[in-house]
Amino acid sequence: MLFLACALLMLTREMPCFASSQSPSLVAPADASNQTRNEELEALLTWKSELDSQSRYILSSWNGSNPCSWRGINCDPCGRVVSLNLSDSAIHGTLHYLNFSLLPNLVALKLANNSLFGNIPPSMALLAKLTHLDLSQNGLSGSIPAQLGSLRSLQVLDLSNNNFNGPIPNEICSLSNLTGLFLHTNKLSGFIPREIGRLKSLNYLLLVNNRITGPIPSSIGNMSSLIKIRLSENQLVGAIPSSIGNLSNLNYLSFRMNKLSGPIPSSIGNLSNLNILHLNHNKLAGPIPKEIGKLRLLIELNLYLNNLGGFLPIEMNNLTSLKNLQLSNNDFVGQLPQEICSSQALENFTAASNRFIGPIPRSLRNCSRLHRVRLHNNSLKGNITDALGVYPYLDYLELSNNELYGDIPQKLGALFNLQKLNIAGNNLSGSIPIELGECSNLLFLNLSGNNLDKSIPVKIGNLQSLQVLDLSQNFLMGEIPRQFAQLHRLEILNLSHNQLSGSIESTFADMVSLTSIDISYNELEGPLPNVSAFRNATIEVMRGNKGLCGVIASLKPCAATKSEGKNKNKKLLLLLIPTLGCLLLLLLVMGILSIVCRRLRKPKPSSKDGSNENSWAVLNFNGCILYESIIAATKEFDAKYCIGVGGHGSVYKVQLQTGEAVAVKKFKEAMEVEISSRKAFQREIHALTEARHRNIIKLYGFCSSSRHSFLVYEFLESGSLKDVLNDEERITAFDWNKRVNVIKGVADALSYMHHGCSPPIAHRDVSSKNILLDEQYEAHVSDFGTAKVLQPYSSNWTSFAGTFGYAAPDGIYMLESKAGVSSKHAASVSRNIGT
Ligand SMILES: *[C@@H]1O[C@H](CO)[C@@H](O)[C@H](O)[C@H]1NC(C)=O
Ligand SMILES: *[C@@H]1O[C@H](CO)[C@@H](O)[C@H](O)[C@H]1NC(C)=O
Ligand SMILES: *[C@@H]1O[C@H](CO)[C@@H](O)[C@H](O)[C@H]1NC(C)=O
Ligand SMILES: *[C@@H]1O[C@H](CO)[C@@H](O)[C@H](O)[C@H]1NC(C)=O
Ligand SMILES: *[C@@H]1O[C@H](CO)[C@@H](O)[C@H](O)[C@H]1NC(C)=O
Ligand SMILES: *[C@@H]1O[C@H](CO)[C@@H](O)[C@H](O)[C@H]1NC(C)=O
Ligand SMILES: *[C@@H]1O[C@H](CO)[C@@H](O)[C@H](O)[C@H]1NC(C)=O
Ligand SMILES: *[C@@H]1O[C@H](CO)[C@@H](O)[C@H](O)[C@H]1NC(C)=O
Ligand SMILES: *[C@@H]1O[C@H](CO)[C@@H](O)[C@H](O)[C@H]1NC(C)=O
Ligand SMILES: *[C@@H]1O[C@H](CO)[C@@H](O)[C@H](O)[C@H]1NC(C)=O
Ligand SMILES: *[C@@H]1O[C@H](CO)[C@@H](O)[C@H](O)[C@H]1NC(C)=O
Ligand SMILES: *[C@@H]1O[C@H](CO)[C@@H](O)[C@H](O)[C@H]1NC(C)=O
């Protein structure tokens, strides 16, 4: 009788035995369940006996005759095994020796996070009462047996994080009580079954990180209970079905990292409970539908790395819950949504590498929760000075390669968490704010390619976490602060193309982490520091300075330069005073020079005559001596020294006292006539001095005084290509090998100017008269009087210059299409066309 009562009760599983109206005393171990128990016992012990010794040790409690007290076993009140939970138990073995037919009452089988291997035995289908099956985080493999489709009671199927392969069996789709299907992180392939829409109870569908191909079936819209769907990291193709809009309970949708194409369906606006929308890393195209504005609960919108384009819908400003907005690497145009942070919820905002124009959204000013802002590689325009606010959590700020201008905001100093600041490649002016020295967590600082001037603030030396510092391509002057010595973690330092002066020997001595250094094209001098970054450096990262000396090949040894310098210095002062009218401007440092000149005129004795002397030197020539020598050697530019006449002036051959010959191109009038903007001129000369190439004529110096303006070049013996071609005698010696070599040299030079120089330079007048030849008939491109630096914001690149018939195709292109093409594009056009 007792057995019968219990057996009847057990048929309706929900009711435990003691829940009956009968007294609990009835629930004694019933003798008729002995047989079942023995079978269960046998099944479990058989399995244990086939495991390795370590696993058997873990299951050492599996002894005796009452499995209900064993580790991981739960029984119902009638003493039948209903649950086997050995999750996280480090069991090593297979499922093959577990005789499922002997465990018919099992409701839950949880073996997650063990070291099970082999495949799932199809006999698992015999667990007819099973509601929870969790085999996740093992090493199971093979395909998912179709027989699992007969586990009709199954509510949760978790096979994630194994090595299962093959397709998802259609039969899974008949598990109508399934609420969670977790198959992520396997090697599943094939299509998503079309019948998947039958899983109407499903709340969670996770197929992430498999090799599933084919389209997302539109039946997905029938899974009306779905709360979370993640199909990411597969190879799904085709469009997102518009039926997706039927999933009104959906909270989390991720299709990222697939090959989905087509538009984002506007029905997505119906997902009124959506918090997370990740569609990044696909091939989606077209605009963002305006319906997206209806997603009032949306917290994360990740659309980066697609082919999306067009204008952003103004309705995006309605996304007031948004914390994370990622739009980078698409083809969006127009302005960023100005009110995107009006509710001040935004934390992470990236829109890099699109074609956005206009200002940084004004709502960002009071967006105090910002963590990361990445808006680089666009055409954002506007004054940055007041565009940013105070962001206590900000750790990344990247605004590089836009068209922002103004001063670097001092407020940046209040960004204590800032780790990366990159605002390179804009047009920012003024000085580097001292306050930056307060950003004590900064690891990466890049301010290169701006118009920053004045000296580098001493406080930059306080940035003791700094690993990368790039201040190159500005107009920074003065000495490198000695406090740089405290940058013990600095690995990469680029200060090239500035106007920095002074000695560097002591500054770098303690930079123990430094591996990469570039100080080229400054006014630095004195011995190199004896640290490994310099010992290993090549001449390229040192060149273009005034008086660096040291152990690196082709630098002068140190002792010699010092004594020589003092002698020259005395001569210099004697020569200089009578010719006060001379305002000798250096190639790179017109600004510095005028200051130095002014100082020298004043009686105030300079404490550092040595360095002043050197600042007059122009690429190994002493500037003022050179000036006087040239005047003297040409008897004030007497016509008999003239070797050629061109549009801008005449060229003279000058034999210096040193025995060296130079070519001097004297301008008809002062340079100022031709150059409207002093700054643009500086930049242009600056860039021209960068053009150091075997096949480009060496420009030694530049002088502009009240009387004369001239350029000093290297002198080439063989004259111009035109001369040679017009000379009956020499043309016979100019054989095809030499001709090809000349063409190759010119091509090399132009390629270098277009690709090797940043910003690129267009010569705009390459003709035979401007190609000079040395004794070996090696070509040297000369006459940069009409050259243009292809710099953004220069308004004059469209004007035509040069000799018709010879001008480069890009020059003509510019002439013909003055309107509407940005100079950025002009640069790329010239790169593409080449000459
Ligand atoms: C059933 O089990 C009980 C207690 O475990 C035992 O006393 C009894 O002899 C068993 N009956 C049979 C038929 O094995
Ligand atoms: C059997 O299990 C009990 C705990 O359930 C344990 O104390 C005992 O050592 C085990 N015996 C053997 C032989 O493993
Ligand atoms: C299963 O076992 C693990 C580890 O022993 C435990 O954390 C978890 O709560 C158990 N789950 C159930 C449903 O008993
Ligand atoms: C897996 O189980 C081990 C114990 O065997 C445990 O240390 C580890 O934290 C578990 N891992 C997870 C992800 O639960
Ligand atoms: C499982 O147990 C049943 C009943 O004892 C038996 O017929 C069957 O052969 C067993 N299966 C395996 C694989 O051992
Ligand atoms: C499915 O769930 C419903 C409601 O919980 C239940 O009545 C039904 O018996 C379940 N189906 C199966 C096959 O377990
Ligand atoms: C969705 O379900 C309905 C009825 O349950 C069915 O008629 C329809 O075909 C299903 N849609 C898809 C796309 O499977
Ligand atoms: C489900 O989606 C389809 C396709 O978008 C639509 O035609 C249908 O009306 C939707 N059904 C419901 C109940 O919203
Ligand atoms: C969404 O934005 C548009 C345009 O900005 C506005 O007209 C509309 O009222 C907003 N919708 C809601 C529901 O606030
Ligand atoms: C924003 O980025 C930070 C990392 O800087 C991260 O910790 C945080 O979870 C992100 N916030 C959101 C909403 O994604
Ligand atoms: C940028 O804005 C600041 C503050 O409003 C202003 O002082 C500065 O002149 C502006 N700079 C430019 C270049 O417009
Ligand atoms: C310098 O070069 C040496 C030898 O090539 C190498 O072992 C060392 O790591 C280099 N040091 C740095 C700072 O790059």
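Numbering of ligands and ligand atoms starts at 1, following listing order.
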From atom 1 (C) of ligand 7, work out which of Ile220, Ile196, Asn222 has a heavy atom at the shortest distance.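 Residue with the shortest heavy-atom distance to the ligand atom: Asn222.
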Part of Arg198 within contact of ligand 7 (heavy atoms, under 4.0 Å):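 It is neither part, as no heavy atom is under 4.0 Å.
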When the ring planes of Tyr204 and Phe182 are compared, do they come out parallel, tilted or perpendicular, using 30° and 60° as the limits?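 If you compare the ring of Tyr204 with that of Phe182, the planes turn out parallel.
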Ring-plane angle category for Trp62 and Trp70, please: parallel below 30°, perpendicular beyond 60°, tilted otherwise.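 Taking Trp70 first and then Trp62, their aromatic rings lie parallel (interplane angle under 30°).
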Is there a polar contact between ligand 11 and Asn383, counting only N or O atoms under 3.5 Å apart?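 Yes, Asn383 has an N/O under 3.5 Å of an N/O on ligand 11.
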Give the atoms of ligand 11, by number and element, whose distance to some non-hydrogen atom of Asp386 is under 4.0 Å.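 Selected atoms, number and element: 4 (C), 5 (O).
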From Ser143 OG over to Ile120 CD1, what is the distance, rounded to the nearest 0.5 angstrom?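 Here the rounded value is 9.0 Å.
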Measure the CE-CG distance between Met223 and Asn246 for me, rounded to the nearest 0.5 Å.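 With rounding to 0.5 Å, CE (Met223) is 12.5 Å from CG (Asn246).
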Among all the protein's non-hydrogen atoms, which is closest to atom 3 (C) of ligand 5, and how far away is it?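 Result for atom 3 (C) of ligand 5: Asn99 ND2, 3.5 Å.
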Write out the residue and atom name of the closest protein heavy atom to atom 5 (O) of ligand 5, then the distance separating them to 0.1 Å.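 Looking at atom 5 (O) of ligand 5, the protein heavy atom closest to it is Leu102 CD2, 3.7 Å.
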Going by distance alone, is a donor N or O of one side chain under 3.5 Å from an acceptor N or O of the other, for Asn258 and Asn282?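 No, no side-chain donor-acceptor pair sits under 3.5 Å.
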Provide the number and element of each atom of ligand 5 under 4.0 Å from a heavy atom of Ser101.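 Those of ligand 5 that fall under 4.0 Å from Ser101 are 1 (C), 2 (O), 3 (C).
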